[in-house]
Amino acid sequence: MIPQHGLLEISRSRLFHNVELIRRQSRAQLCATIKADAYGHGVRDMMPLLWNAGLRWIAVYTLDEALEVAAAADFHVLVLAPLLLSSPSEASLAPLAAHASRIRVNLIDAATARHLSQILAKHHPHTALSVHIQIDTGLTRGGADPWDLSQLVDLIASLPNLRLEGIFSHLSHGDVPGHDASQDQLAAFRAATNPLKSRHPELLLHLQNSGGTWTLQDPALDMIRTGIALYGLQPSTADPIPELRPIARVTAPILAIHHRAAGTGVGYGHSFRTNRESRIAVVPVGYADGYPRLASNRGLIVQINDREAPVIGRISMDQITIDVTDVPAQPGDRATIISWNAGERNSLDALADAVGTIGYELATHFGKRLRRVIVD
């Protein structure tokens, strides 16, 4: 039976290549950002690959994501979303306490620090929870004010059951080489953290994201949080990192081929009509699998038997239609919907450019029904 779904292949060797490429850029500890289901690639599939690549730090966005990772693997797990408590009895922290040796929370305010300490001291007195503080150095999106940092550090150091481990911020223009904003953020970060680092040399300082790993160098930083570059996609296609290798490829089988006369409407709304006698292939990947509806009638292509074939008509939820009039193809042949060769017209970054978005967004839209497999 021909499968009724697409295949998302994850390349181990391409991932390892990207990890080594990042390591050549910085000697700092490498923290893999795997929020949003590892940017759509699949957390449970990515975790053993990252562990085998020698990574021991993971960053996620929510506490729920952190608990899932901590229950399955031995990584140090940093939660990027700040923990916010309005009272010491607001929430049960039993799951967090159970995985306290692995999970690191982000605290940005004194009230939450006090409430968290009270809850742990009362209900989990033998638990020590590691804390990172996020400060806002210019992204204007989240974090404590840098001028409040010293007081917050002193408070956390004084509270039972909390252990200050790191301080971090996030770049607004990390993907733009030489941007003044990155230098300004680095200066603000240094001004806020240098005095504390001299008092607490064990603190982990981290600021760089994937783009910042290439565009902002500072040997005083202890860790980098890299996301999109791990997956081989570009922080910015305007300033590409040519050595990155996309790790994911999406393929799907041809379910049927229809022979149609010139003038035949194809798909919803008949937004495409054949201009000759044509062979139209139906492939079971659609916008539910992450192939964007905005790609409809944009002159995009897939590959079948090493030949390019145009995608025609409107992208539907479950299927796309392809003109294979000039391509040797039959039902059961596999079409490469998204290529992992960065220079090809159906790479994820090229597809993102074509529809006016970024590879990050399209990757996070990889659908659950794509069957994920690990290949070399």
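- In this structure the side chain of S296 never reaches within 4.5 angstrom of the side chain of F272, judged on heavy atoms.
- L351 and P292 get closest at one heavy-atom pair: CD2-CD, 3.9 Å.
- With contacts defined as side-chain heavy-atom distances shorter than 4.5 Å, the pair Q303/S339 qualifies.
- Side-chain contact check for I133 versus L152: some heavy-atom pair is nearer than 4.5 Å.
- In terms of the side-chain hydrogen bond (donor to acceptor under 3.5 Å, both in side chains) criterion, T33 has no residue partners (sequence neighbours excluded).
- Residue I312 holds its CD1 atom at 6.5 Å from OG of S278, rounded to the nearest 0.5 Å.
- Counting all heavy atoms, side chain and backbone alike, A181 lies closest to H173 at CB-ND1, 3.6 Å.
- In this structure, R104 pairs ionically with E165, as a charged nitrogen and a carboxylate oxygen lie closer than 4.0 Å.
- Every residue two or more places apart in sequence or in another chain that forms a side chain to side chain contact (heavy atoms under 4.5 Å, CB included) with P177 is listed here: T215, D239.
- A53 and R23 get closest at one heavy-atom pair: O-NH1, 2.9 Å.
- A donor and an acceptor atom, one from each side chain of R163 and S130, are located under 3.5 Å apart.
- In this structure, R245 places its CZ atom where only 12 or fewer heavy-atom neighbours from other residues, nucleotides or ligands lie under 6.0 Å away.
- By the 30° and 60° cut-offs, the orientation of the rings of F168 relative to H206 is parallel.
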Check step by step if salt bridge (charged side-chain N to carboxylate O under 4.0 Å, His left out) holds for D222 and K197. CA-CA 11 Å; D222 303 294; K197 184 73 169 180; 2.9 Å; yes
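- Other residues, nucleotides and ligands contribute over 12 non-hydrogen atoms within 6.0 Å of the CD atom of E243.
- Heavy atoms only, all atoms of each residue included: G6 and V285 are closest at CA-CG2, 4.0 Å.
- Listed by chain and residue number, D333 satisfy the side-chain hydrogen bond (donor to acceptor under 3.5 Å, both in side chains) test with N305 (two or more places apart in sequence, or in another chain).
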Please list, one pair per line, the donor and acceptor atoms closer than 3.5 Å that link side chains of residues 251-266 to other protein atoms, with sequence neighbours excluded.
| residue | atom | partner | partner atom | Å |
| --- | --- | --- | --- | --- |
| T251 | OG1 | R334 | NE | 3.1 |
| T251 | OG1 | R334 | NH2 | 3.2 |
| T264 | OG1 | A261 | O | 2.7 |

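- The backbone N or O of V176 lies less than 3.5 Å from no partner atom in the side chain of H179, so there is not a single donor-acceptor pair.
- The distance from the CZ atom of R14 to the CG atom of L230 is 15.0 Å, given to the nearest 0.5 Å.
- Interatomic distance, I167 CD1 to L207 CG, rounded to the nearest 0.5 Å: 12.0 Å.
- Under a hydrophobic-cluster definition in which Ile, Leu, Val, Met, Phe, Trp and Tyr are linked whenever side-chain heavy atoms come within less than 4.5 Å, directly or via other members, I247 and L21 are assigned to the same cluster.
- Ion pairing of D74 with R56 is absent here, as no side-chain N (NZ or NE/NH1/NH2) approaches a carboxylate O to less than 4.0 Å.
- For the residue pair L233 and A363, the shortest heavy atom distance occurs at CD1-CB, 4.0 Å.
- Looking at S210 and T226, their side chains do bring a donor and an acceptor atom within 3.5 Å of each other.
- With a 4.5 Å cut-off on side-chain heavy atoms, L30 and R225 do not count as touching.
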Review item, side-chain donor-acceptor pairs of residues 185-195, under 3.5 Å, at least two apart:
| residue | atom | partner | partner atom | Å |
| --- | --- | --- | --- | --- |
| Q185 | OE1 | S172 | N | 2.9 |
| Q185 | OE1 | S172 | OG | 3.1 |
| Q185 | NE2 | T137 | OG1 | 2.8 |
| Q185 | NE2 | H170 | O | 2.8 |
| R190 | NE | D218 | OD2 | 2.8 |
| R190 | NH2 | D218 | OD2 | 3.0 |
| T193 | OG1 | F189 | O | 2.7 |
| N194 | ND2 | R190 | O | 3.4 |

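- In this model, no donor atom of one side chain and acceptor atom of the other lie less than 3.5 Å apart for D64 and T62.
- In this structure Y291 satisfies the ring-ring contact (aromatic ring centres under 6.0 Å, His included) test with no other residue, sequence neighbours excluded.
- Rounding to the nearest 0.5 angstrom, the gap separating the NE2 atom in H99 from the OG1 atom in T127 is 11.5 Å.
- Residues forming a salt bridge (Lys or Arg N to Asp or Glu O under 4.0 Å) with D154 (at least two apart in sequence, or on another chain): R199.
- The CG atom of L348 sits 5.0 Å away from atom CG of L362, with the distance rounded to the nearest 0.5 Å.
- The side-chain heavy atoms of N209 and P235, taken from C-beta on, include no pair separated by under 4.5 Å.
- Aromatic rings from W57 and F75 are positioned such that their centres are separated by 6.0 Å or more.
- Within the 4.5 Å cutoff, no side-chain heavy atoms of V60 are placed close to those of L80.
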Evaluate the side chain to side chain contact (heavy atoms under 4.5 Å, CB included) criterion for residues T336 and V302: first the C-alpha distance (whole Å), next the side-chain angles of each, then the deciding distance (0.1 Å), finally the verdict. CA-CA 6 Å; T336 299; V302 302; 5.9 Å; no
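- Annotation for I108: hydrophobic cluster partners, listed by chain and number, are L84 (ILVMFWY side-chain heavy atoms under 4.5 Å, direct or chained).
- Counting heavy-atom neighbours within 6.0 Å of R273 CZ, excluding the residue itself, gives a total above 12.
- A continuous path of ILVMFWY side-chain contacts below 4.5 Å connects W214 to I358, so both sit in one hydrophobic cluster.
- Expressed to the nearest 0.5 Å, how far CG of L85 lies from CG of L93 amounts to 6.0 Å.
- Counting heavy-atom neighbours within 6.0 Å of R276 CZ, excluding the residue itself, gives a total above 12.
- In the hydrophobic cluster analysis, where Ile, Leu, Val, Met, Phe, Trp and Tyr join through side-chain heavy atoms closer than 4.5 angstrom, Y39 is grouped together with I241.
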One pair to check against side-chain hydrogen bond (donor to acceptor under 3.5 Å, both in side chains): D349 and Q234. What are the steps and the verdict? CA-CA 7 Å; D349 281 328; Q234 294 295 335; 5.0 Å; no
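- Through direct or indirect side-chain contacts shorter than 4.5 Å among Ile, Leu, Val, Met, Phe, Trp and Tyr, V282 is connected to no other residue.
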Criterion side-chain hydrogen bond (donor to acceptor under 3.5 Å, both in side chains) on N161 and S117, from CA distance to verdict: CA-CA 6 Å; N161 303 95; S117 177; 4.9 Å; no
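- Judged purely by distance below 3.5 Å, without hydrogens or angles, the side chains of Q208 and Q217 never pair a donor atom with an acceptor atom.
- Considering only residues two or more places apart in sequence or on other chains, R24 meets the side-chain hydrogen bond (donor to acceptor under 3.5 Å, both in side chains) condition with none of them.
- Under 4.0 Å is where a charged nitrogen must lie from a carboxylate oxygen, and between R372 and E9 no such pair does.
- More than 12 heavy atoms of other residues, nucleotides or ligands lie within 6.0 Å of CZ in F16, so this atom counts as buried by the packing criterion.
- Between N346 and I301, the shortest heavy-atom contact is CB-O, 3.4 Å.
- For the pair R114 and D109, the salt-bridge criterion is not met [side-chain N within less than 4.0 Å of a carboxylate O].
- Cluster partners of W340, using a side-chain heavy-atom cutoff of under 4.5 Å among ILVMFWY residues and allowing indirect links, are L7, V373, V375.
- With sequence neighbours excluded, the residues forming a side-chain hydrogen bond (donor to acceptor under 3.5 Å, both in side chains) with D318 are R369, listed by chain and number.
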